[in-house]
Every structure is written in C-alpha cells, then in structure tokens.
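See below for the structure under consideration.
Numbered from 1 within each chain, the chains take letters A, B, ... in sequence-line order. Keep in mind it's a predicted model, so treat the numbers as computed, not measured.
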Protein chains: 2
Amino acid sequence: MAKPSKENTPITEHLAYLLAQANREINRQLELRLSKEGVPVEQWRILKVLSDGNGHSMGELADAVLLNHPTLTKMIDRMVSDTLVYRVQDPNDRRKVLMFISDRGKVLCKKLNSLAVDQEEHILESYGDKSTSELKRLLESLIDSSN
Amino acid sequence: MAKPSKENTPITEHLAYLLAQANREINRQLELRLSKEGVPVEQWRILKVLSDGNGHSMGELADAVLLNHPTLTKMIDRMVSDTLVYRVQDPNDRRKVLMFISDRGKVLCKKLNSLAVDQEEHILESYGDKSTSELKRLLESLIDSSN
DNA sequence: TTGAAAATATTGAATATTCAAGAATTGAAG
DNA sequence: CTTCAATTCTTGAATATTCAATATTTTCAA
C-alpha cells in the first residue's frame, strides 16, 4: 500500500496557487475598470493611502501599497510628473521624504474609488455577501498569522 | 446625516487588496523555500503541471500556470536550456507545441514538491487545519463565480 | 478547392521591475 | 565630539514582462 503523500497533490489544491489564481482574476477585473481612467491598480492604492491628507514616508508607503522600494520610487516619479502627488522632505528626519496627495490627485482618487466600489458590488452580487465577508475575515487572519 | 458611502473604506478592507496582500506574503514564503534549488515559483508550477507526463500545449500551460503567453515562451526557453523540459510539435495540429518534462525535470520537481509541502505544513501549523481548508473552499468558489 | 478568418506560438521593441551599489542623514558607542 | 553602523531613499545596470506585430497552420464558408 502506497504512502499517502502530499507531494503529488495537484497544483490547483495548493493554497499558494489558489491565492495567486484568485488574486490574478480579481486584479484583472479591477484593472479593467480603472483603465477607464488610465490608471494602474498600484497608483490607485497610492492615492487611496495618501488621501488621508497626511504625509507618508516612502518606506511606509511601499509597505502599504505592496511595492518594492525602488519600484515605488519610479512610480512616484511618474505620478509627480502627472502632478497627482508631491514630495516634501521630512523636517524631523531629513533622510525621509514625505508624500502628499495633490488636489488633482484627490479628484482622480474619487473617480477611482467609485470604479473600485463598482467592482466590489459586482463581486457581492455574483459571489454573495456572506462568502465575501467570510473570505475577507479568513484572509486577514491568514495575513496576521504570517507575521 | 452623511450618506454612508463605501467610497471611503480604507484600502485594507477591499477584497482585491486583501487578496494581493495574502498572495504576496504566501508567495514570498514559497519563493524563499524554492530558492534553495534556485527555481522561481512559476517554474515549479510548470514542472508540476507537466509532471503528469502528458504533452501540454503552450496555451494550455499558460492558463494553468497563470502566465501570459509571451512570458511563458521566454521562461520555457530558459527551461529548455536547462534541459528541464522539451518541445515537441503537435502532430495533430502543427500550430501547437507540446511541452514535456524531462527526466532531469522530474528529479527537480520532486525536490521542489517537498519544499512546497513543507510550506503548506507550516501554514497548517500556524493558521490551523480548519481555517486553511475553509479558505481554500472559499477561494475555489470565488474563482468559479468569476468565470 | 480556394481564400479569408481564426487559432497558436514566437519575436522584437518598449516598458517595468529588480538587484546591488551609492548618497545622505541619523543614532549611538567609545 | 567623533566615528562607525544603521536607516532611508534613489540610481543605474541587468533582467523580466508586456504589447503589438509576425509567421504558421488550421478551419470553414463560398
């Protein structure tokens, strides 16, 4: 009798794969909506984090928007060119740069938020209220347990 | 009284964000393990899919391993150089290329599988058996409902 | 049968990301 | 104080990904 080994389980049953697949699909849908405003998902995240009006350092921001440090720097360069955000050197620690959202950024962020909400509603409809909140809960707890 | 609008919900409560965050974290952990063999996660996926011994067309494979078509082509080029896989033209439809895993690929795949299983066990320990299977179930159903 | 449209895979140029190194500032130990 | 390590951000080169175009083969309608 063969040892019942986990090594042969199909890839579609691995948690890492299911997460990647679900993320890819949901992200693709969101991307599609946001493309109406010509903005990549990551820029929406940045605007949303900055829309509390406070200054956020690059390091803080990189964590929050799930981007590597150098990637964020270059994306921020573009957003500064588009006058969506601006840099201010942190007076308390001059190694740091504080990012702020501009008025133009705020206007854009509002539009993007409503596109993103559209998507969430669409998911709620096809996937169900209960499943959605349960899934969110489980994801949060997975993230917590991974730190 | 202000309209209770969803537009202001913090990004950390969006399903798309939670999925991205969880995926990033779990993927990072898996990447770390697989790096012991110097293999990116996508190559493990490819080997795993091919390890049924059957030929898989590039299109089929691209879907299965969550890669765009041109990206897959170039990754397969590398894996062919490393003699992990090989191409055969499909005799029944000469537009297609069938991919097969080599013996060397099989040996590597076994090692990678065990590294991946390590990770799943580690998740099971810290996150719990019940949560894990419930999360998998919900992810599968989300993916289903998105098609 | 022929010719146009669809399907499949690859290529090359443009773009984006990453890795490793660098510059500037702060912290802290001696 | 001064110097050396740590922190923060950016840069440049190397690498990887993507988009649009191409080549090949098949399908199917006329």
Do A:L124 and B:L138 belong together in a cluster built from hydrophobic side chains that touch within less than 4.5 Å? no
My understanding is that only residues two or more places apart in sequence, or in another chain, count here; which of them pass salt bridge (Lys or Arg N to Asp or Glu O under 4.0 Å) with A:D93? A:R95
note: A:L98, atom CG; D:dT8, atom P; distance rounded to Å ~ 12 Å
Distance in angstrom units between B:Q89 CD and C:dT8 C1', rounded: 11 Å
Show every donor-acceptor pair shorter than 3.5 Å between a side-chain atom in residues 50-58 of chain A and any protein atom, with sequence neighbours excluded, or say none if there are none.
{"from": "A:S51", "atom 1": "OG", "to": "A:K48", "atom 2": "O", "distance (Å)": "2.7"}
{"from": "A:D52", "atom 1": "OD1", "to": "A:N54", "atom 2": "N", "distance (Å)": "2.9"}
{"from": "A:D52", "atom 1": "OD1", "to": "A:H56", "atom 2": "NE2", "distance (Å)": "3.0"}
{"from": "A:D52", "atom 1": "OD2", "to": "A:N54", "atom 2": "ND2", "distance (Å)": "3.4"}
{"from": "A:D52", "atom 1": "OD2", "to": "A:H56", "atom 2": "NE2", "distance (Å)": "2.9"}
{"from": "A:H56", "atom 1": "ND1", "to": "A:E60", "atom 2": "OE2", "distance (Å)": "2.7"}
{"from": "A:S57", "atom 1": "OG", "to": "A:E60", "atom 2": "N", "distance (Å)": "3.2"}

Can you check whether A:R87 has a side-chain N or O nearer than 4.0 Å to OP1 or OP2 of D:dT8? no
Quick one: side chains of residues 9-21 of chain A, donor-acceptor pairs under 3.5 Å with protein atoms, not counting sequence neighbours, listed by atom name and distance.
{"from": "A:T9", "atom 1": "OG1", "to": "A:K6", "atom 2": "O", "distance (Å)": "2.9"}
{"from": "A:H14", "atom 1": "ND1", "to": "B:E120", "atom 2": "OE2", "distance (Å)": "3.2"}
{"from": "A:Y17", "atom 1": "OH", "to": "B:A64", "atom 2": "O", "distance (Å)": "2.6"}

Roughly what angle, to 10°, lies between the helix axis at the start of the helix from C:dT1-D:dA30 to C:dG30-D:dC1 and the one at its end, five pairs per end? 20°
May I have the distance from B:H69 (atom NE2) to D:dA23 (atom P), rounded to whole angstrom? 18 Å
Looking at DNA chain C, which of residues 57-66 of chain B put a heavy atom within less than 4.0 Å of it? B:S57, B:M58, B:G59
Can you check the A:M75 CE to D:dC9 P distance for me, whole Å? 17 Å
Using only atom types and a distance under 3.5 Å, with no angle test, would you say the side chain of A:S114 pairs donor to acceptor with the backbone of A:K110? no
Ignoring hydrogens and angles, tell me if any N or O in the side chain of B:S102 forms a donor-acceptor pair with the backbone of B:G105 under 3.5 Å. yes
Where do N or O atoms of nucleotides 18-20 of chain D meet protein N or O atoms at under 3.5 Å, pair by pair?
{"from": "D:dT18", "atom 1": "OP2", "to": "B:N68", "atom 2": "ND2", "distance (Å)": "3.0"}
{"from": "D:dT18", "atom 1": "OP2", "to": "B:T71", "atom 2": "OG1", "distance (Å)": "2.9"}
{"from": "D:dT18", "atom 1": "O4", "to": "B:K74", "atom 2": "NZ", "distance (Å)": "2.5"}

DNA chain C contacts made by residues 18-35 of chain B, counting heavy atoms under 4.0 Å: none
Using whole Å, what does the distance between atom C1' of nucleotide D:dT10 and atom CE of A:M99 come to? 13 Å
Please report the distance, rounded to the nearest Å, between CD in B:E42 and C1' in C:dT17. 13 Å
Go through it in stages, so that I can follow the logic: the residues are A:S131 and B:L142, the test is side-chain contact (heavy atoms from CB on, under 4.5 Å), and I'd like the CA-CA distance, side-chain angles, deciding distance and then a yes or no. CA-CA 9 Å; A:S131 295; B:L142 174 66; over 6 Å; no
Answer yes or no: is there a donor N or O on one side and an acceptor on the other, between the side chain of B:R45 and the main chain of B:V65, under 3.5 Å? yes
When the nearest nucleotide of DNA chain D is assigned to B:R78 and to A:H56 on a heavy-atom basis, which residue is associated with the more 5' position? A:H56
Please enumerate all residues that pass salt bridge (Lys or Arg N to Asp or Glu O under 4.0 Å) together with B:K36, with sequence neighbours excluded. none
Donor-acceptor contact below 3.5 Å, side chain A:T132 vs main chain A:G128: yes
Set of side chain to side chain donor-acceptor pair (under 3.5 Å) partners for B:E134, sequence neighbours left out: B:R137
Main chain of B:V85, side chain of B:R104: is a donor-acceptor contact present, judged purely on distance under 3.5 Å? no
Got a donor-acceptor contact below 3.5 angstrom from the B:D90 side chain to the B:N92 backbone? yes
Share the residues that join B:Y86 in a hydrophobic cluster, the rule being Ile, Leu, Val, Met, Phe, Trp or Tyr side chains under 4.5 Å apart at the heavy-atom level. B:V88, B:L98, B:F100
Go through the structure and list residues passing salt bridge (Lys or Arg N to Asp or Glu O under 4.0 Å) with B:R94, not counting sequence neighbours. none
Integer-rounded Å distance: C:dT10 P and B:I76 CD1: 9 Å
Starting from the C-alpha separation in whole Å, work towards a yes-or-no answer on side-chain contact (heavy atoms from CB on, under 4.5 Å) for A:E25 and A:Q29. CA-CA 6 Å; A:E25 178 59 27; A:Q29 287 173 20; 3.1 Å; yes
Under 3.5 Å, which N/O atoms of the protein pair with N/O atoms of nucleotides 26-29 of chain C?
{"from": "C:dT26", "atom 1": "OP1", "to": "A:R94", "atom 2": "N", "distance (Å)": "3.2"}

What integer distance in Å separates A:L72:CG from D:dT8:P? 14 Å
